[in-house]
Amino acid sequence: MRDHREISLWRDVPSELWQDWRWQMRNRLRTCDELSQVINLTPSEIAGIKQARGTFAVGVTPYYALLMDPDDAQCPVRLQAVPVEQEANRGTYDLIDPLHEDADSPAPFLTHRYPDRVLLLVTEMCATYCRHCTRRRLVGAKEGCITKDALEQALDYIRATPAVRDVLLSGGDPLSLSDSRLDYILTRLREIPHIEVIRIGTRMPVTNPFRITPELCETLRKHHPVWINTHFNHPVELTPEAVAACGRLADAGVPLGNQTVLLRGVNDCGNIQKSLVRALIKARVRPYYLYQCDLSEGLERFRTPLSKGIEIIEHLRGHVSGFAVPTFVVDAPGGGGKIPVSPNYVLSQSPSKTVLRNYEGRIVSYPEPEWGDTHDPKTCRYCQEAAPQQGVAGLLTRGSPLIEPEMYHRVSDRPEVMLTDNIQQPVCHNGCPKERKQ
Ligand SMILES: *Cc1c(COP(=O)(O)O)cnc(C)c1O
């Protein structure tokens, strides 16, 4: 990494100031003039920066900008932070809100998709605006944070919904809030007795590692269990500063995960991913998810075939420590949530044998126990106390034979469709019987 004093813009910046996270936030590079002091901009980047004005903010911390190769426009850091001309292109399948976060929202800035956890967007601000941001519809425009009123509405919903045990703070970057604001939000969440876990999604360890101050660590420590997921995409991002920031969080007792986005030209390579996960576990960060790129507007150039993710997992599973292998997921368009996609290891099955293959391609047979499954839900206390299982787990445990698409329901509403008594009552995804009109 270059020394910041080599750049004339920062020649007189003392190290203490360079390492001040607020200085990094205040001095983000936003214009062609500013960025061209650090890298040699291409015509496509110049067009991209000009056209990004008014659509999706440009902003790069001086720290992250110094990781860029000044002469290589294909530099993985540069591709993530500097817009190019194609960012204005709209792909055939691009969507404004691909994950239906707004549609599945019971209160402003709150998304409740899974049974026991919610996503709360607490700010629109980031240290660096990722060109592959899935939430570009919200992020960066005003750099505002959640209003007191909106926060109260979200807290009201969470308080009134005891099924929620896990609140995931995201944005924008929640760590762009001050320690005191963050402390306030965490305190208010901790007042709710059924909240067991609080999670924060942040890219600060990557783009502004100086944000992870001892004071921030003290603030987080007061509200444990607090988990953090960060967002490293390429091994060059694991600088000594970034590794030290992760170390401070880990020392404060925060379990660290990493969510990588699979990006064409940045990290669409099994060997890059292998060095990334190795560097992560050395930094005490466990690879959590590898995301297929979403269908947000302007991201088409970053998309890879789904099979690329499977190929990457094939390069990792068995080849690196098991806890270094992330789960490859597709966040399904339309609010389908995260769907894991993996190589197939089960080759065949009979009631007595399962045929498996390992990462080396060895094919083995596992003999099933002759007594099969002897677990009895009727005598298991946990089964007795559990609410009816939702989703496919419900198909495996309850008597219901199917989960039907909404369309089916509508067809059966038609008066000419007669239902016979031996057709089981269909259930919707959360297990309640569907009402049928007579
Ligand atoms: C990703 C996500 C979560 C958290 O999912 P996990 O699989 O538990 O990490 C929760 N809510 C929404 C809306 C999400 O997109």
Side-chain angles (χ1 to χ4, degrees), residues 95-124 126 130 132-139 146 150-151 153-155 157-158 161-175 185-186 189 192 194-203 225-233 249 254-262 277 280 285-296 299 309 313 323-342 389-393 429-430:
L95 299 163
I96 292 172
D97 177 17
L99 310 180
H100 272 210
E101 290 181 334
D102 298 337
D104 293 346
S105 175
F109 307 109
L110 188 73
T111 300
H112 190 183
R113 157 129 357 100
Y114 299 102
D116 70 342
R117 51 212 189 276
V118 291
L119 171 70
L120 177 59
L121 307 179
V122 294
T123 172
E124 295 166 0
C126 289
C130 305
H132 54 279
C133 182
T134 186
R135 233 170 256 140
R136 59 211 300 117
R137 71 187 190 283
L138 302 175
V139 168
I146 192 168
L151 179 64
Q153 285 185 54
L155 289 166
Y157 176 83
I158 297 169
T161 316
V164 175
R165 315 147 183 273
D166 173 1
V167 178
L168 168 44
L169 303 182
S170 186
D173 196 317
L175 297 190
I185 295 173
L186 295 173
L189 284 169
I192 304 173
H194 54 267
I195 297 308
E196 296 171 359
V197 170
I198 300 173
R199 283 196 266 179
I200 299 173
T202 175
R203 211 177 183 200
V226 175
W227 292 57
I228 284 186
N229 271 323
T230 183
H231 175 177
F232 288 95
N233 282 336
L249 288 169
V254 179
L256 295 170
N258 185 68
Q259 317 200 112
T260 294
V261 182
L262 179 47
V277 299
L280 285 168
V285 183
R286 189 193 190 299
Y288 178 47
Y289 283 143
L290 172 64
Y291 283 99
Q292 175 70 9
C293 186
D294 288 332
L295 296 172
S296 290
L299 300 195
I313 300 301
F323 65 90
V325 183
T327 305
F328 175 50
V329 292
V330 187
D331 214 335
K338 299 175 185 73
I339 301 175
V341 179
S342 140
Q389 289 297 317
Q390 303 192 354
V392 177
H429 72 285
N430 57 9

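Both counts, for ligands and for their atoms, begin at 1 and track the order of listing. Starting from 1, each residue takes its place in the sequence as its number.
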What are the atom names and distances for all N or O pairs under 3.5 Å between ligand 1 and the protein?
{"residue": "ligand 1", "atom": "5 (O)", "partner": "Lys338", "partner atom": "NZ", "Å": "3.3"}
{"residue": "ligand 1", "atom": "7 (O)", "partner": "Tyr289", "partner atom": "OH", "Å": "2.5"}
{"residue": "ligand 1", "atom": "8 (O)", "partner": "Arg117", "partner atom": "NE", "Å": "2.6"}
{"residue": "ligand 1", "atom": "8 (O)", "partner": "Arg199", "partner atom": "NH2", "Å": "2.8"}
{"residue": "ligand 1", "atom": "9 (O)", "partner": "Arg199", "partner atom": "NH1", "Å": "2.8"}
{"residue": "ligand 1", "atom": "9 (O)", "partner": "Tyr288", "partner atom": "OH", "Å": "2.5"}
{"residue": "ligand 1", "atom": "15 (O)", "partner": "Lys338", "partner atom": "NZ", "Å": "3.1"}

Point to revise | With Thr202 via side-chain hydrogen bond (donor to acceptor under 3.5 Å, both in side chains) - residues at least two apart | key: Asp173

Check your understanding: For Asp294, which residues count as a salt bridge (charged side-chain N to carboxylate O under 4.0 Å, His left out) partner, sequence neighbours excluded?
Key -> none

Review point. Can you find a heavy atom in the side chain of Arg199 that is under 4.5 Å from one in the side chain of Asp166?
Key: yes

Study note, to complete from the structure: Sequence neighbours excluded, the answer for side-chain hydrogen bond (donor to acceptor under 3.5 Å, both in side chains) partners of Glu101 is Arg135, Arg137

Review point. Is the backbone of Glu196 close enough, under 3.5 Å, to the side chain of His194 for a donor and an acceptor to pair up by distance?
Key: no

Study note, to complete from the structure: So OG of Ser296 and CG of Leu95: to nearest 0.5 Å the spacing works out to 8.0 Å

